[in-house]
There are 2 protein chains.
Amino acid sequence: MFGQNLPMKKKITRRSVVPRSNDKTYHHGDLRNALVAAAELELKENGLERFSLRGVARAASVSHAAPSHHFGDVQGLLTALTAIGFERLLKVQQKHQKKANDDPLEKLVASGLGYIEFAQKNAEMFHLMFASTMPDRDNADLSQSAAAAFENLVVLVDKVRGRETDQGMSDVYASWALVHGFSALLNANKLPSLGNSKKARDAEMRGVLKRFLAAALN
Amino acid sequence: MFGQNLPMKKKITRRSVVPRSNDKTYHHGDLRNALVAAAELELKENGLERFSLRGVARAASVSHAAPSHHFGDVQGLLTALTAIGFERLLKVQQKHQKKANDDPLEKLVASGLGYIEFAQKNAEMFHLMFASTMPDRDNADLSQSAAAAFENLVVLVDKVRGRETDQGMSDVYASWALVHGFSALLNANKLPSLGNSKKARDAEMRGVLKRFLAAALN
DNA sequence: ACCCTTATCTTTACACTGTAAAGTTTAATG
DNA sequence: CATTAAACTTTACAGTGTAAAGATAAGGGT
């Protein structure tokens, strides 16, 4: 649904957002990557609910049927994009982990804050990654990059727990849920009184994450 | 997007799902309620991403343009449905709270399990309530029923904290995030090793919620 | 009782959408 | 150099949401 006449919200229909050689030949040359890039833009600007495959094709200056030869259908394109999303998420988390000091808890909290930052800066991508039925979750690339991000979390939690008390997965799940919930609720604008500046929000969340995780993962 | 040709998933197009007097007159009589009921069914069966306003009209045995006179557009209909969702969520939580014993923590945990149960039994509704841009969040009915559900949580958390230590809203937010995150990740099928029977899952989640909330809200 | 206003519902039309199929161009391969 | 295969376009179709105008019926005032 929702891909049609939507006069209420501005519809950006500029062509050729993703650059293409001006002396454009019949064959694009690097259409696959161009489509993924255009799709990411389309996702960011129109959101998943207004995502349009034809719009993506327009942005890449190709016919509306061109994407099918590279991705089959819209699900194929979004699946590829989702896989990239998980790779990026992991990278952002790892960057935050590196900047934190060596205390395992600090690293876990930093990683969580990275997760939240990613979710906020890529709200629609985050939505695609976790709350959409469009991507093919059985796709090899996708499930692998998603698993990699999860593995990183397991390691972090294990280090905090010191490996002695084995609560199975529920501790890992709860830590994830806490961070994921913050991300989702922030994106849904449900946490208004959390400080208006990014710095204030981060500080407040770092505090509460630390308190919750430290206490629960003893 | 996504409202069109979707041959991969079975498309249920049966007519008149919501009963209508057989000697059907030109005027329906109770179309507004019939449309809301049909919309809930459509949401449950096709999901938000495949939701079709025309499908809802078909299910109510009226023309595809009939809904506009009661809800304006699809956003209006989904906004009304979302408001109902929040009312139901609160009711489910309160039912769980009543069944729990008088310990404030037990009540908070029970309420959280109610939240999660609602999210699982009404996955698409939950998605609509928290992760969709379609509902008009400024709508009076909607924002009020959403606020009521939130107020209930604030009271529960305050009782656990005993009101002495005031951590502002961050404790409330974190408690919510924990429960909300579990709901979202469960719906996204991201927590496979959490026990396969509902009973086992509930027990495991009750345990971990208790541990996390007790420790953090001291 | 009658008329008239108004709300409710239908019909028609339009600009979109995703995808299938067939045709066109170009690259690659033997 | 000829043939095959890949990349891309054109055309067509069934579906979508919504706007506008026409049809029906209910309600209210006189």
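Just so it is clear: chains get the letters A, B, ... in the order the sequence lines come, proteins before strands, and each one is counted from 1.
With hydrogens and angles left out, the side chain of B:Arg50 and the base of D:dT16 share no donor-acceptor pair within 3.5 Å. One can find a donor-acceptor pair under 3.5 Å joining the base of D:dT18 and the side-chain atoms of B:Arg54. B:His64 contributes no side-chain N or O that forms a donor-acceptor pair with the base of C:dT10 under 3.5 Å.
Between B:Phe86 and B:Phe130, the gap from one ring centroid to the other is short of 6.0 Å.
Note: CG (B:Asp30) to P (D:dA26) measures 15 Å, nearest angstrom. Counting to the nearest Å, the P atom of C:dT25 and the CG atom of A:Leu31 are 19 Å from each other. Here the P atom of nucleotide C:dA21 and the NE2 atom of A:His69 are 12 Å apart, to the nearest Å. Atom CG of A:Leu35 and atom C1' of D:dT9 are 14 Å apart (whole Å). Atom P of nucleotide D:dA5 and atom NE2 of A:His70 are separated by 18 Å, given to the nearest angstrom. Between the CG atom of A:Leu78 and the C1' atom of C:dT19 there is a distance of 15 Å, rounded to whole Å. To the nearest angstrom, P of C:dT19 lies 9 Å from CD of A:Gln75. Rounded to an integer number of Å, the gap from CZ of B:Phe71 to P of D:dT18 is 13 Å.
A donor-acceptor distance shorter than 3.5 angstrom exists from the side chain of B:Glu124 to the backbone of B:Leu48, with no hydrogens or angles considered. Judged purely by atom type and a 3.5 angstrom limit, A:Asn187 uses its side chain to pair as donor or acceptor with the backbone of A:Ala119.
Dashed line: the shortest gap from a side-chain N or O of A:Ser52 to OP1 or OP2 of C:dT17 is under 4.0 Å. Within the 4.0 Å cut-off from OP1 or OP2 of D:dT16, at least one side-chain nitrogen or oxygen of B:Arg58 is found.
Heavy atoms of B:Gly29 sit under 4.0 angstrom from primed sugar atoms or phosphate atoms, though from no base atom.
Annotation: salt bridge (Lys or Arg N to Asp or Glu O under 4.0 Å) contacts involving residues 179-191 of chain B, sequence neighbours excluded, are absent. Here salt bridge (Lys or Arg N to Asp or Glu O under 4.0 Å) pairs that include residues 79-99 of chain B, with residues two or more places apart or in two chains, are B:Glu40-B:Arg88.
Among the nucleotides C:dT19, C:dT11, D:dT10, the one closest to the side chain of A:Ala65 is D:dT10. Taking the side chain of B:Leu53 as heavy atoms from C-beta on, and the options D:dT9, C:dG18, D:dG17, the nearest nucleotide is D:dG17.
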